[in-house]
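Please read the structure below before turning to the comments.
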Amino acid sequence: MKLIPLGILGSGKGSNCRAILESIRSGALAAEVRVVISDVFDAPILDIAREFSIPNAYLTPGKFHTRLEPQAEAELVRMLREANVELVVLAGFMRILKSPMLEEFPRRIVNIHPSLLPKFPGLEAWRQALEAGEKITGCTVHYVDEQIDHGRVIGQREVPILPNDTPETLHARIQIAERELYPAVIAAFARKYQAS
Ligand code: GAR
């Protein structure tokens, strides 16, 4: 079977990465994670990669906080190319991608965000939704462009906001939806790849 080669990028705890790896292991997702890369040296997402025996790497991000230094972004392209990655999957990667990543992987970089975009881009989207008095929020998978949490929407899941929700309970409920949505969206890419 033809497996779509994925490269996963993350900065944090890696629950979406784990969901993707578990979905592959269960046979529901015809994909292969070639590499997991983090801009945070001790990010748990790298431990998850090791647990699943996936090649993994720390990418030194350089001096900026919200993006990679040009040299680091060139190195990221090199790593993903070397691993022959077809689809770049951002799973809690907290930096904006620019050139050369966007040119090298046109419409082949996707991101998951914990709100119903275009509502509440940026940090702690669940807290933003709660503070805005929303009754429903959710999560979105979208193509990545040069703006933060922006780009054509590929799939969304709604999540209700309950009267006693705290930011923590709401984020936990959104993350359950994320762990269903992301593997399902990637499975659609995998089907197209198989047919190509
Ligand atoms: C997820 O909730 C994801 O939607 C969010 O970071 C979390 C990563 O969790 N991403 C963004 O806010 C992107 N703007 P994880 O490390 O457990 O997958």
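Remember, it's 1-based here, ligands and their atoms both numbered in the order they're listed.
- The nearest protein atom to atom 17 (O) of ligand 1, hydrogens excluded, is given as Ser15 OG, 2.6 Å; this is a heavy-atom distance.
- Scanning all heavy atoms of the two residues, the minimum distance from Ile96 to Glu146 falls at CG2-O, 3.7 Å.
- In terms of protein heavy atoms, atom 11 (C) of ligand 1 is closest to Pro114 CD, 3.6 Å.
- A side-chain N or O of Lys2 and one of Ser196 form a donor-acceptor pair less than 3.5 Å apart.
- Taking the centre and axis of the six-membered ring of Tyr143, the NZ or CZ atom of Arg108 falls outside the cone set by 45° and 6.0 Å.
- The protein heavy-atom contact nearest to atom 16 (O) of ligand 1 is Gly14 N, 2.7 Å.
- The protein heavy-atom contact nearest to atom 6 (O) of ligand 1 is Gly92 CA, 3.7 Å.
- The nearest protein atom to atom 10 (N) of ligand 1, hydrogens excluded, is given as Ile112 O, 3.5 Å; this is a heavy-atom distance.
- Remark: among candidates His113, Glu178, Met94, Lys13, the nearest residue to atom 3 (C) of ligand 1 is Glu178, based on non-hydrogen atoms.
- Using bins of under 30°, 30° to 60° and over 60° for the plane-to-plane angle, the ring pair Phe41/Tyr58 lands in the perpendicular bin.
- At least one side-chain heavy atom of Ile109 sits under 4.5 Å from a side-chain heavy atom of Leu97.
- At a 4.0 Å heavy-atom cut-off, ligand 1 touches Asp149 through the side chain alone.
- The shell of residues lying under 4.0 angstrom from ligand 1, judged by heavy atoms, includes His171.
- The cluster map of Ile, Leu, Val, Met, Phe, Trp and Tyr, joined by side-chain heavy atoms under 4.5 Å apart, puts Val110 and Val144 in different clusters.
- The nearest heavy-atom contact from the protein to atom 18 (O) of ligand 1 is Asn16 ND2, 2.9 Å.
- Here the heavy atom of the protein found nearest to atom 7 (C) of ligand 1 is Gln175 NE2, 3.9 Å.
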Please lay out, stage by stage, how Glu104 and Arg81 fare under the test salt bridge (charged side-chain N to carboxylate O under 4.0 Å, His left out). CA-CA 9 Å; Glu104 289 285 332; Arg81 284 246 169 269; 2.9 Å; yes
